[in-house]
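Structure record follows, encoded as structure tokens.
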Amino acid sequence: MPREIRFLNTMTRRVEVFHPLETGHVRMYNCGPTVYNFVHIGNLRTFLFEDVLRRTLQAFGYRVTQVMNLTDIDDKTIKGAAAEGVSLREFTDRYIAAFFQDIDALRFQRAEHYPRATDFIPQQVELVEKLTERGHTYVQDGSTYFRIATFRDYGKLSGIDVDQVRAGARVDADEYEKEDVRDFVLWKASKPGEPSWETVLGAGRPGWHLECSAMAMALLGESFDIHTGAVDNIFPHHENEIAQSEGATGRPFVHTWLHAEHLIVEGQKMAKSLGNFFTLRDLLERGHDPLAIRYLLISVPYRQKLNFTFDGLHAAAAGVERIGNTLRRLAHTPPAASGEALVASEVDAFVEEFDGGLADDLNTARALGALHTLLTRVNQALDGGGITTDVRDRLAAAIAHVDGVLGIVPRSQSPAGSDAEIDALVAERTAARRSRDFARADEIRTELTERGIVLEDTPHGTVWHRAG
RNA sequence: GGUGACGUAGCCAAGUGGUAAGGCAGGGGCCUGCAAAGCCCUCAUUCGGCGGUUCGACUCCGCCCGUCACCUCCA
């Protein structure tokens, strides 16, 4: 039996114990990137939440089928391709490749499916036809619209009262004509210079919301367990997905809706105009460690705004380093033959607290807090009586569990003997220290420091590693 | 105008009725030839403000102040 986990479901606004429709198997859909540019750290915050969600479910014993869509047809991708005079496919291929590079850099696990909207045109058309059969659509100027008035439950996710939607400047920003400003387009009639598909709906292209409903149902079924996105997706995107999907099938679309809060930068909304807009590439070019970025972005529970600051990034880097330092110390300290400086039950209690945090609507801050408490205990034990082989095994399993879920454990670096030249210098320094030739010893250390090598003289000999 | 979220130390953040986890930064100390790493001590008599409920509130209720988000294509 998988471990129990609770989520705050946006639909019900309550914390609920999660039960997948199929025992032990979770089907989830994540709203992915629109591939017209490199992803920014705000996008990544949301995607990282989904990655941790996936990993947590797996660690808790569920089988996971995850789908993340790639929106490759919309105003922005069309505009971008046109601006460069390349095909939509060529333009979006490039950013899809970049997207995978970026998530790889942040140690994402791959989802089972990354469907592209343009690969699912027939399914989208079919969905519109079903909606038409059920009387939810109308056509105007060659475009097909969803008539909100035909869907009783419209607004149930966002809590928006359709009659209250303000007829302000931002309403009907779309150039297409509709009967009611609150209706939304399913199929857009083709416009000169834009990609279009010849279908029974006429020449045109899918509207934004349609792809998610069609691809989710094609890959996960008409009803599935979890659908995620960032808070800005709640309305109108997810509200419209519900209308389209349930309008077509008459069945509940999604059981649990989870929405990540936004990331802000230095207390302000991230915006290109404010000069506080960062892609992952921007940060990597500045020399920031991808692991530190990952750590920072998952250190605040997904439902809270995350204030991204460089101070915070430095603190995150220190946190990652502390994990690595402790594990290195552990590896370089011989096991204790016996003793109770650290006992197995403490490690077990840690795992319980760590999992308890995650089981509580993915409380990653609580999980990390537990981890740091464990690290302190390990270091205390290492300074004291040492740690026995048995406890080390438990510890190794616990750390593997942590890494499996959070993906923030630094790789063990340069095992001893991997670099003969450095080993030789370290040996020379050790000899110099023995003969109390500290000038020579320091000279060697300085040279190594300049080469990015950090030395540590421990009671069990000198160990070295590359600076993080 | 509508809907929703939030306000805990210099920064991040846990806690949601029983008297403030953890991390980063800072100060002091131990260890070290010196470092590095690590450890120890220290760092919120107090949880935006004011009332109320209660034996007891950061936690519940009310009001106020402040910050922020969404309201048709922004993760």
Side-chain angles (χ1 to χ4, degrees), chain A residues 10 13 30-34 39-50 71 74-76 155 158-161 163-166 168 170-174 178 181-185 207-209 228-237 239-240 259-264 267-271 295-296 299-301 303-307 309 311-319 321-322 324-326 328-329 332-333 353 357 363-376 378-380 382-384 433 436-438 441-442 445-446 449 454-459 462-465:
Chain A
T10 306
R13 284 156 210 228
N30 311 316
C31 281
T34 299
V39 292
H40 61 248
I41 55 176
N43 297 316
L44 256 5
R45 195 271 167 108
T46 298
F47 299 153
L48 236 13
F49 138 64
E50 289 148 355
T71 299
D74 84 318
D75 291 349
K76 292 188 292 280
S158 57
I160 279 175
D161 178 349
D163 296 326
Q164 292 291 326
V165 173
R166 189 172 56 174
R170 295 185 61 184
V171 170
D172 203 14
D174 204 296
K178 0 181 197 181
V181 293
R182 303 164 310 188
D183 290 342
F184 59 93
V185 68
W208 173 40
H209 314 294
T228 71
V231 288
D232 57 271
N233 284 147
I234 297 172
F235 187 86
H237 185 49
E239 198 68 72
N240 290 350
H259 292 96
E261 248 299 348
H262 281 260
L263 169 151
I264 58 179
Q268 289 184 295
K269 181 169 179 167
M270 184 167 72
Y295 183 104
L296 176 61
S299 67
V300 178
R303 243 168 226 284
Q304 287 181 45
K305 277 190 212 23
L306 189 159
N307 186 13
T309 64
D311 277 354
L313 186 52
H314 291 134
E321 235 185 283
R322 185 165 132 89
N325 288 341
T326 302
R328 192 173 55 248
R329 279 191 87 201
H332 289 293
T333 305
E353 171 59 18
N363 189 336
T364 45
R366 196 176 133 195
L368 283 174
L371 173 62
H372 276 104
T373 302
L374 176 73
L375 295 179
T376 298
V378 170
N379 281 314
Q380 287 171 335
L382 255 17
D383 281 346
R433 290 179 69 218
R436 303 196 66 79
D437 180 1
F438 297 122
D442 290 349
R445 185 168 62 193
T446 302
T449 300
V454 178
L455 296 187
E456 292 176 3
D457 298 325
T458 78
T462 298
V463 299
W464 62 269
H465 67 274

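Below, read A as the first sequence line, B as the second, and so on, with proteins coming before strands; counting in each chain starts at 1.
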ask   = Base, sugar-phosphate, or nothing: which does A:V39 touch, judged by heavy atoms less than 4.0 Å apart?
value = nothing
query = Across all strands shown, which nucleotide pairs with B:G66 by Watson-Crick or G-U wobble geometry, both distances under 3.5 Å?
reply = B:C6
Complement of B:A21, any strand, by Watson-Crick or G-U distances under 3.5 angstrom = none
Between B:C24 and B:U59 - P atom distance, rounded Å = 29 Å
task = Just call it for A:D232: base, sugar-phosphate, or nothing, with non-hydrogen atoms closer than 4.0 Å on any strand.
result = base
inquiry  = For B:C34, give the paired nucleotide (Watson-Crick: N1-N3 plus N6-O4 or O6-N4; G-U: N1-O2 and O6-N3; both under 3.5 Å), or none.
reply    = none
ask   = Quick one: does A:E261's side chain get under 4.5 Å of A:V300's, heavy atoms only?
value = no
key: Euclidean distance for P, B:U45 against B:C11 (whole angstrom)   = 14 Å
note = Among B:G23, B:G33, B:C73, the one nearest any side-chain atom of A:H372 is B:G23
inquiry  = Measure CG/A:N307 against P/B:G7 and give the value in whole Å, please.
reply    = 14 Å
request  = Measure from the side-chain N and O atoms of A:R433 to the backbone N and O of A:A441, and report whether any donor-acceptor pair falls under 3.5 Å.
outcome  = no
ask   = Between B:G4 atom P and A:K305 atom NZ, what is the distance in whole Å?
value = 14 Å
request  = Calculate the interatomic distance between A:H259 atom NE2 and B:G4 atom P; express it in whole Å.
outcome  = 16 Å
Using atom names, set out every protein N or O paired with an N or O of nucleotides 17-21 of chain B below 3.5 Å, distance rounded to 0.1 Å.
none

query = What interatomic distance, in whole Å, is found between C1' of B:C41 and the corresponding atom of B:C55?
reply = 36 Å
query = When all nucleic acid strands are considered with a 4.0 Å heavy-atom cut-off, which category describes A:G42: base, sugar-phosphate, or nothing?
reply = base
task = Mind checking A:H209 for me? I need base, sugar-phosphate or nothing, with any heavy atom below 4.0 Å counting as a touch.
result = nothing
task = For nucleotides B:U19 and B:C30, find the distance between their P atoms and express it as a whole number of Å.
result = 36 Å
Base partner of B:G56, which must satisfy Watson-Crick or wobble distances under 3.5 Å = none
ask   = Is any side-chain N or O of A:N325 under 3.5 Å from a base N or O of B:G38, one able to act as donor and the other as acceptor?
value = no
task = Could you check how far CD of A:Q268 sits from C1' of B:A69, rounded to whole Å?
result = 14 Å
Assigned partner base of B:C47, Watson-Crick or wobble definition, under 3.5 Å = none
task = State, without any angle test, whether A:N325 and A:R328 hold a side-chain donor-acceptor pair at a distance under 3.5 Å.
result = yes
query = For A:R45, which contact category applies under a 4.0 Å heavy-atom criterion: base, sugar-phosphate, or nothing?
reply = nothing
query = Under 4.0 angstrom, heavy atoms only, what part of the nucleic acid is A:D74 near: base, sugar-phosphate, or nothing?
reply = nothing
request  = Evaluate the side-chain proximity of A:Y295 to A:L368: yes if any heavy-atom separation is below 4.5 Å, no if none is.
outcome  = yes
Sugar-phosphate only, base, or nothing, as touched by A:N363 at under 4.0 Å among non-hydrogen atoms = sugar-phosphate
Atom-pair distance (CZ on A:R322; P on B:A36), nearest Å = 17 Å
inquiry  = Given 3.5 Å as the limit, does a donor-acceptor pair link the side chain of A:N30 with the main chain of A:T228, or not?
reply    = no
inquiry  = Base of B:A35, side chain of A:R445 - is there a donor-acceptor contact under 3.5 Å?
reply    = yes
query = If the C1' atom of B:G10 is compared with that of B:G33, how far apart are they to the nearest Å?
reply = 36 Å
ask   = Should A:H209 and A:H237 count as side-chain neighbours, where that means a heavy-atom distance under 4.5 Å?
value = yes
query = Hey, are the side chains of A:D383 and A:R329 touching, using non-hydrogen atoms and a 4.5 Å cut-off?
reply = yes
Sugar-phosphate, base or nothing in reach of A:P301, heavy atoms under 4.0 Å = sugar-phosphate
query = When all nucleic acid strands are considered with a 4.0 Å heavy-atom cut-off, which category describes A:Q380: base, sugar-phosphate, or nothing?
reply = sugar-phosphate
ask   = Do the side-chain N and O atoms of A:N43 and A:H40 include a donor-acceptor pair separated by under 3.5 angstrom?
value = yes
inquiry  = If you assign A:V231 and A:N240 each to the RNA chain B nucleotide with the nearest heavy atom, which residue ends up on the more 5' nucleotide?
reply    = A:V231
message = Considering every strand and a 4.0 Å limit on heavy-atom distances, what is the contact class for A:R433: base, sugar-phosphate, or nothing?
response = base
Beyond-backbone contact of A:H262 with A:R45, side-chain heavy atoms, under 4.5 angstrom = no
task = Starting at NE2 of A:H372, measure out to OG1 of A:T326 and round the result to the nearest 0.5 Å.
result = 8.0 Å
request  = Assign A:H262 to base, sugar-phosphate, or nothing according to its heavy-atom contacts below 4.0 angstrom with the strands shown.
outcome  = base
query = Can you tell me the Watson-Crick or wobble partner of B:C74, both distances under 3.5 angstrom?
reply = none
task = Could you tell me whether A:T376 contacts a base, only the sugar-phosphate backbone, or nothing, with contacts defined as non-hydrogen atoms closer than 4.0 Å?
result = sugar-phosphate
ask   = Does a donor on one side chain and an acceptor on the other come within less than 3.5 Å for A:H259 and A:N233?
value = no
inquiry  = Base, sugar-phosphate or nothing for A:A260? Non-hydrogen atoms, less than 4.0 Å.
reply    = nothing
ask   = Whole-Å distance between B:A75 C1' and A:E50 CD?
value = 8 Å
query = In whole Å, what separates the P atom of B:A9 from that of B:U46?
reply = 12 Å
query = Across the strands shown, which category fits A:L263 at heavy-atom distances under 4.0 angstrom: base, sugar-phosphate, nothing?
reply = base
ask   = When you compare B:G26 with B:C43, how far apart are their C1' atoms, in angstrom units rounded to a whole number?
value = 8 Å
ask   = With distance as the sole criterion, do the side chain of A:D457 and the base of B:C34 form a donor-acceptor contact below 3.5 Å?
value = yes
request  = Quote, to the nearest angstrom, the P distance that separates B:C39 from B:G23.
outcome  = 9 Å
ask   = With both distances under 3.5 Å as the test, what is the Watson-Crick or G-U wobble partner of B:C39?
value = B:G29
